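Everything numeric here is computed off the predicted structure, so don't read it as measured data.
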Amino acid sequence: AVSVMREVLDSHPAEGEMRLFAANHLQGINCWDESRAILVKAEKRARRSAWLSGMARQVELEGNRNQAAEYYRELLTLDQTDLDAHLFIATHLEESAGITNALEYLGKAVAMSQDYPPLVELYVDWLSEAGQMALAKKILKKRQQDDPNHAWILRELARLEALSGENQAALVYAKKAVHIDPNDAVNHEIAGWVARRLGDSDSAKSSFRKAVCLDVDREFAMRELMLMAVTGQERSDLAGLLVGEFQRQVIDGGGLLVFQQEGRNNIDDDKLLQHLRQAHETRPDLWQAWSALINQLQEMDRPQQALDIARGMVQRFSNLPRAYMDLSVAYRLCNDEEGEIQALRQSLELSPKWPRPIQRLVDLAEERGDWQEYNRNINKALDLDPMYAPYWGYRSASQEHEGKIDQAISSLEKAVELDRNYEWAWNQLSRLYSLIEQPERILQPLRHNCERFPGEVAVHQRLARFCDEPAETAACL
């Protein structure tokens, strides 16, 4: 595919939009040097806004988020409604200056855009995540006055009222959303959630059933129905309903995986297996039908049968990384490490940046004591995706094994900088600080996070856990 694309670029050197398309594709397969070269040539040949967007992605992939923010800011001078640009800048501000500054930016952006609806929705989402329910509801109620029959606004008001403890008010909004658009599964799902919060199980079940009958891939509704099915008869009836909808509806397959995962605890194993075999026979075009069946066979301790299905899955979906990942698990449960490694490598070849096969290969290398292979895999992973925090955690383990404690600490510091909720890395960092007799060093980044993200409960809880000062601990809690 890349070869054909290069031929097209050579035969159409003045085609700027084609160059942007090529650069975007090359960025996705980690050919960053080539994508940059193409973008440089495209600057005078493509729309300025599209080129700025491409360059912003480029420098972000290269690790220069400050420069990416500058490109996005210039892009917004040309198009104030570009949501990707606003989202990146807000996220960058949250990471560098704290949530308060990010929210202030979004508020100003909404005002400058004259309440551009998608941008208002983004702002409301951020406000609710930051716990600023009152302001989020105020904005939504203002929008509702201008557009009283907008289902999304009503759903959001129902959600925010419920999260604020105003369940009766939430129910009014949820019912109105259902009345306006009774064919939208999400409206029934929200109504079911609110009804359950009010303790009205019958209404909740009815709403969730309507949701899955409209869209059986509504995972939340399906999970809630599974949890609320108490008797054996209810579970049997529910399983029959869901299997019938899987056969009747045009689905994307996600619901089949949830059906298997939740069904393990709610449906007899043999009956669940029968349902999944039926789904597999009816919809062999969905990889999820194969994966769900494989998972259930493994749950029932039938590894050879699972392996047979997994082999058929890779024949049917030979270019699907998930198929080879499922095959690798099947080989593992059959105690075939060579087969597992081969399947993992095939999955990784199809999706070089997918963490799951990379991490399993690294774990296997550690189990064998093959630190050379361990380092080869993790170094390659970091070259492809240096912004993925767990890779730095893996590197720290190797560095500690080699006795390079200072380097291991630096890697862990990088990991928690990338992901402030990476608990394993925080625990390891605290242990290594204590090892070099500097246990107090853990407090500086923890306090810094509390200042940057004052609205996040987890950062305060984390500081309280590591802090020995009673007054500071009490303040955090």
Side-chain angles (χ1 to χ4, degrees), residues 24 49-50 52-57 59-61 65-164 170 173-174 177 180-181 184-187 189-190 193 218 220 387 418-421 452-459:
N24 182 66
S49 59
L52 288 167
S53 180
M55 278 304 296
R57 285 194 301 273
V59 296
E60 180 188 1
L61 290 169
R65 291 179 65 79
N66 289 328
Q67 184 63 52
E70 291 305 311
Y71 279 122
Y72 277 126
R73 289 184 189 279
E74 184 180 345
L75 168 57
L76 289 171
T77 65
L78 303 174
D79 181 4
Q80 290 184 359
T81 63
D82 191 296
L83 284 183
D84 288 338
H86 284 301
L87 178 59
F88 180 90
I89 293 172
T91 303
H92 183 59
L93 281 170
E94 181 189 21
E95 294 169 350
S96 60
I99 187 63
T100 301
N101 288 279
L103 291 174
E104 182 181 353
Y105 165 80
L106 286 173
K108 290 179 179 178
V110 167
M112 290 180 64
S113 71
Q114 298 182 342
D115 292 341
Y116 177 56
L119 188 53
V120 173
E121 294 174 12
L122 178 65
Y123 183 36
V124 166
D125 185 50
W126 275 60
L127 286 170
S128 64
E129 286 293 321
Q132 297 192 25
M133 301 295 184
L135 180 53
K137 288 191 289 186
K138 180 180 178 181
I139 293 170
L140 285 174
K141 287 176 181 178
K142 181 178 180 296
R143 278 202 64 196
Q144 192 203 9
Q145 291 176 355
D146 299 329
D147 191 354
N149 293 323
H150 195 299
W152 179 86
I153 297 174
L154 293 167
R155 285 199 303 269
E156 279 298 289
L157 281 169
R159 184 178 69 87
L160 296 180
E161 291 287 13
L163 292 175
S164 302
Y173 287 120
I180 289 170
D181 190 354
D184 189 335
V186 182
N187 292 337
E189 194 173 64
I190 287 287
W193 175 65
R218 294 306 306 177
F220 177 77
M387 307 302 289
L418 291 169
D419 181 0
R420 58 185 175 276
N421 295 315
R452 288 175 58 196
F453 310 103
E456 289 189 16
V457 173
V459 297

Atom CE of M112: over 12 foreign heavy atoms under 6.0 Å: no
Salt bridge between R65 and E94, side-chain N to carboxylate O under 4.0 Å? no
For a 4.5 angstrom cut-off between non-hydrogen side-chain atoms, does F220 reach V186? no
Drop me the distance from L135's CG to L127's CG, to the nearest 0.5 angstrom. 5.0 Å
Salt bridge (Lys or Arg N to Asp or Glu O under 4.0 Å): pairs with one or both residues in residues 68-90, sequence neighbours excluded: R48-E74
Search all heavy atoms of Q144 against all heavy atoms of I153 and return the closest pair with its distance. CB-CG2, 4.0 Å
Have a look at L87 and tell me which of T91, L83, I89 forms a side-chain contact (heavy atoms from CB on, under 4.5 Å) with it. T91
Does a side-chain N-to-carboxylate-O contact under 4.0 Å join R57 and E60? no
Side-chain heavy-atom pair Y173, L160 within 4.5 angstrom cut-off: no
If every non-hydrogen atom of S49 is compared with every non-hydrogen atom of L78, which pair is closest and at what distance? N-CD1, 3.9 Å
Euclidean distance, L418 CG relative to M387 CE, rounded to 0.5 Å: 5.0 Å
Ring-plane angle category for W152 and H150, please: parallel below 30°, perpendicular beyond 60°, tilted otherwise. perpendicular
Of the non-hydrogen atoms in L75 and S53, which two are nearest, and what is the gap between them? CD2-CB, 4.2 Å
Closest heavy-atom contact between T81 and Y116? CB-CE2, 3.5 Å
Side-chain contact, heavy-atom cut-off 4.5 Å: R143 with V124? no
State, to 0.1 Å, how close I190 and A174 come at their nearest heavy-atom pair, and which atoms those are. CG2-CB, 4.1 Å
Are the side chain of H92 and the backbone of A102 linked by a donor-acceptor contact shorter than 3.5 Å? no
Grab the two heavy atoms, one from I180 and one from P148, that are nearest each other, plus how far apart they are. CD1-O, 4.2 Å
Counting N and O atoms only, with roles assigned by atom type, does the side chain of N101 sit under 3.5 Å from a partner on the main chain of L93, one being a donor and the other an acceptor? no
CG-CD distance between L103 and E129, expressed to the nearest 0.5 angstrom: 11.0 Å
Please test R159 against S128 for side-chain hydrogen bond (donor to acceptor under 3.5 Å, both in side chains), starting from the C-alpha separation and ending with a verdict. CA-CA 10 Å; R159 184 178 69 87; S128 64; 3.3 Å; yes
Carboxylate-amine/guanidinium proximity below 4.0 Å for K141 and E161: yes
